[in-house]
Amino acid sequence: QVQLVESGGGLVQAGGSLRLSCAASGRTFSDYDMGWFRHAPGKEREFVAGISWSSFTYYSDSVKGRFTISRDNAKNTVYLQMNSLKPEDTAVYYCATDKIYRGLITTKRRSYEYDYWGQGTQVTVSS
């Protein structure tokens, strides 16, 4: 059974940084795409960043240049380094993965393209 556990959220001032981690278990981590989404109150869940099994990375326009997604296959963990944080980045952040072994689709920006989700970690950015 695939399990994803996020950590690293917290309260930070605008302009600060946080690094989120997502530890995966239950299958061979390196063969699957991973993604980060966020959900703010009153808004729909939003794609943030993705990394393919081959380590191709892509981002939403709202975080490009500020956030960096990476993966450490030896540790079965995906990271989201968040710099220059803004109050509008406040949300619950979720990591996700899919069921497709070494998928051919380069980018996955839709929630329905992912099959497994973590429980989320709260990020709050104060102004």
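With sequence neighbours left out, Tyr112 forms a side chain to side chain contact (heavy atoms under 4.5 Å, CB included) with Arg110. For Ser25, the side chain to side chain contact (heavy atoms under 4.5 Å, CB included) test picks out Gln3, with sequence neighbours left out.
Nearest heavy atoms, Val78 versus Phe29: N-CZ, 4.0 Å. The minimum heavy-atom distance linking Glu6 with Cys95 is given by the pair OE2-N, 2.9 Å.
Asn76 CG to Ser30 OG: the interatomic distance, rounded to the nearest 0.5 Å, is 8.0 Å. With values rounded to the nearest 0.5 angstrom, Lys108 atom NZ is found 11.0 Å from Met34 atom CE. Between Ile51 atom CD1 and Arg71 atom CZ the span is 5.5 Å, to the nearest 0.5 Å. With rounding to the nearest 0.5 Å, the separation of CD in Gln119 from CG in Leu4 is 9.0 Å. In this structure, NZ in Lys86 is found 12.5 Å from OG1 in Thr90, a value given to the nearest 0.5 Å. Considering CG of Asp33 and OG of Ser54, their distance stands at 7.5 Å, rounded to 0.5 Å.
Between the side chains of Ser60 and Ser62, a donor-acceptor pair is found at a separation under 3.5 Å. A side-chain N or O of Thr124 and one of Gln122 form a donor-acceptor pair less than 3.5 Å apart.
Side-chain contact between Thr97 and Val2: present, with at least one pair of heavy atoms (C-beta onward) separated by less than 4.5 Å. Residues Met82 and Val63 have side chains not in contact (no heavy-atom distance under 4.5 Å, counting atoms from C-beta outward).
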All N/O donor-acceptor pairs, side-chain side in residues 12-23, below 3.5 Å, sequence neighbours left out:
unit_1, atom_1, unit_2, atom_2, d
Ser17, OG, Asn83, OD1, 2.9

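Here ring-ring contact (aromatic ring centres under 6.0 Å, His included) pairs that include residues 59-83, with residues two or more places apart or in two chains, number zero.
In the hydrophobic clustering (ILVMFWY side chains linked at under 4.5 Å, chained through shared members), Val92 is joined by Phe37, Phe47, Phe56, Tyr58, Tyr94, Tyr114, Trp117. Residue Tyr32 shares its hydrophobic cluster (ILVMFWY side chains chained together at separations under 4.5 Å) with Tyr101.
Distance alone, capped at 3.5 Å, places no donor-acceptor pair between the Ser52 side chain and the Thr106 backbone. Of the possible donor and acceptor atoms, one in the side chain of Thr121 sits under 3.5 Å from a partner among the backbone N and O of Gly9.
Ion pairing between Arg66 and Asp89 holds under the 4.0 Å rule for side-chain N and carboxylate O.
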